[in-house]
J.: 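My questions all concern the structure below.
Lettering of chains follows the sequences in order, A, B, ..., and the numbering in each one begins at 1.
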Protein chains: 2
Amino acid sequence: MTDQLSLTFAALADPTRRAMLARLTEGPINVSELAEPFLDTMSLPAATKHVKVLERAGLLTKTREAQRRPCELNPDALRDVADWVEPYRAMWEESFDRLDAYLKTITDKSAKQSQPSKAAKGGKKDGRKK
Amino acid sequence: MTDQLSLTFAALADPTRRAMLARLTEGPINVSELAEPFLDTMSLPAATKHVKVLERAGLLTKTREAQRRPCELNPDALRDVADWVEPYRAMWEESFDRLDAYLKTITDKSAKQSQPSKAAKGGKKDGRKK
DNA sequence: TGGTAAATTAACTATTGAGTTAATTAACCG
DNA sequence: CGGTTAATTAACTCAATAGTTAATTTACCA
């Protein structure tokens, strides 16, 4: 698993690290500040290891400032994720359309009476598409 | 790492599994057909383990048909990935804009002569944004 | 210059992931 | 029935991940 995209996906496969990224959208902060919300569930060395995983995945950049290590979000790596997933969008929108069409047939007044009764909830325009 | 999104990201953190997903966009195929392109580098049981990882991540659905196991792409799990990454889009587009603005200042005819010479390639409209 | 703060490194443990070969299940087919 | 195909399970190895505590580095600061 040496390729860059795999490294990025692996880094994102952890709720602690995703929370750290979310925090970084508010601006650069030190490692200890990044770690702070998690110190009730893990030690500081454990948190700095998470930071290092994000760094190696190219998701954040660590600089130096005296003893502190201000970290900055590196959103370009996330663009690669978005670019990878984008071609699949047509597929999930298509399967939504199929569901939508199916729901139309079973809720249509002119439909036959052989309707699976429980499928009726959540009609068109339920806010999911796009 | 028990949450669904982490499972999905972990499943995507492997080039073999991503290639399997890509293959599935062409339509449903059996496990052995999914495995075939990789049998020069790994055994069949190894490949079926990859399929199982994708299945547990909700990325594919396996059905039965005699001895065969037709697999179908389950694009909804990818929608979750797209939804997660989407809020970050503003950040990478913004950092692109900053680069773009910087490149404009150093390539602008009226700019001062203190120009990092090698930064000049790849001017505006290089096709990256969106 | 001695103490303190920020972060990392070392050394270790436990769990999970990815792969192997061999054996087994399940269903078709002649 | 007996053989073959498709896929999985078993049992095992090896490497990587995630965590721990203790020690160390680095730089500020009074």
J.: Measure CG/B/Leu60 against C1'/D/dA7 and give the value in whole Å, please.
T.: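 Rounded to the whole Å, the gap is 14 Å.
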
J.: Rounded to the nearest Å, what distance is computed from the CG atom of residue A/Leu54 to the C1' atom of nucleotide D/dA18?
T.: 14 Å

J.: What's the closest nucleotide to the side chain of A/Asp14 if the choices are C/dT8, D/dA18, D/dA7?
T.: D/dA18

J.: State the CG-CG distance between B/Leu59 and B/Leu24, to the nearest 0.5 angstrom.
T.: 10.0 Å

J.: Just compare C/dA18, C/dT8, C/dA7 and give me whichever is closest to any side-chain atom of A/Lys62.
T.: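 Given the options C/dA18, C/dT8, C/dA7, the side chain of A/Lys62 is closest to C/dT8.
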
J.: Please tabulate, for the side chains in residues 28-46 of chain A, all donor-acceptor contacts under 3.5 angstrom to protein atoms that are two or more places apart in sequence or on a different chain.
T.:
| unit_1 | atom_1 | unit_2 | atom_2 | d |
| --- | --- | --- | --- | --- |
| A/Asn30 | ND2 | A/Glu33 | OE1 | 3.1 |
| A/Glu33 | OE1 | A/Asn30 | N | 3.0 |
| A/Thr41 | OG1 | A/Phe38 | O | 3.0 |
| A/Ser43 | OG | A/Ala46 | N | 3.3 |

J.: List the atom pairs, donor and acceptor, that lie under 3.5 Å between side-chain atoms in residues 60-68 of chain B and the rest of the protein, sequence neighbours left out.
T.:
| unit_1 | atom_1 | unit_2 | atom_2 | d |
| --- | --- | --- | --- | --- |
| B/Thr61 | OG1 | B/Asn74 | ND2 | 3.0 |
| B/Lys62 | NZ | B/Glu55 | OE1 | 3.1 |
| B/Thr63 | OG1 | B/Pro70 | O | 3.2 |

J.: Measure the distance from CG on A/Leu34 to P on C/dT8 and round it to the nearest whole Å.
T.: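 Atom-to-atom, A/Leu34 to C/dT8, this comes out as 11 Å.
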
J.: Send over the distance from A/Met42 CE to D/dT17 P, rounded to a whole Å.
T.: 16 Å

J.: Starting the side chain at C-beta, find the nucleotide from D/dT20, D/dT8, C/dA18 nearest to B/Leu44.
T.: D/dT8

J.: Please determine whether a side-chain nitrogen or oxygen atom of B/Ser43 lies at a distance below 4.0 Å from atom OP1 or OP2 of C/dG19.
T.: no

J.: Hey, where does DNA chain D pair up into stems, meaning at least three consecutive Watson-Crick or G-U pairs with distances under 3.5 Å?
T.: C:1-30 with D:1-30

J.: Only counting residues at least two apart or in another chain, list the ones meeting ring pair (Phe, Tyr, Trp, His ring centres under 6.0 Å) with A/Tyr88.
T.: A/Trp84

J.: For A/Arg69 and for A/Thr16, locate the closest nucleotide of DNA chain D by heavy-atom distance; then report the residue assigned to the nucleotide nearer the 5' terminus.
T.: A/Thr16

J.: Grab the N/O contacts between the protein and nucleotides 9-15 of chain C below 3.5 Å, and write none if there aren't any.
T.:
| unit_1 | atom_1 | unit_2 | atom_2 | d |
| --- | --- | --- | --- | --- |
| C/dT9 | OP2 | A/Lys52 | NZ | 2.9 |

J.: Taking the side chain as every heavy atom from C-beta outward, state whether B/Met20 and B/Arg23 have any atom pair closer than 4.5 Å.
T.: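 The answer is no; the side chains never approach within 4.5 Å.
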
J.: Which one, C/dA7, D/dG19, C/dA18, comes nearest to the side chain of A/Asn30?
T.: C/dA7

J.: What are the atom names and distances for every N/O pair under 3.5 Å that joins the protein to nucleotides 27-29 of chain C?
T.:
| unit_1 | atom_1 | unit_2 | atom_2 | d |
| --- | --- | --- | --- | --- |
| C/dA27 | N3 | B/Gln67 | NE2 | 3.4 |

J.: To the nearest Å, give me how far apart CE (A/Met20) and C1' (D/dA18) are.
T.: 13 Å

J.: Hey, is the main chain of A/Leu12 close enough, under 3.5 Å, to the side chain of A/Arg17 for a donor-acceptor pair?
T.: no

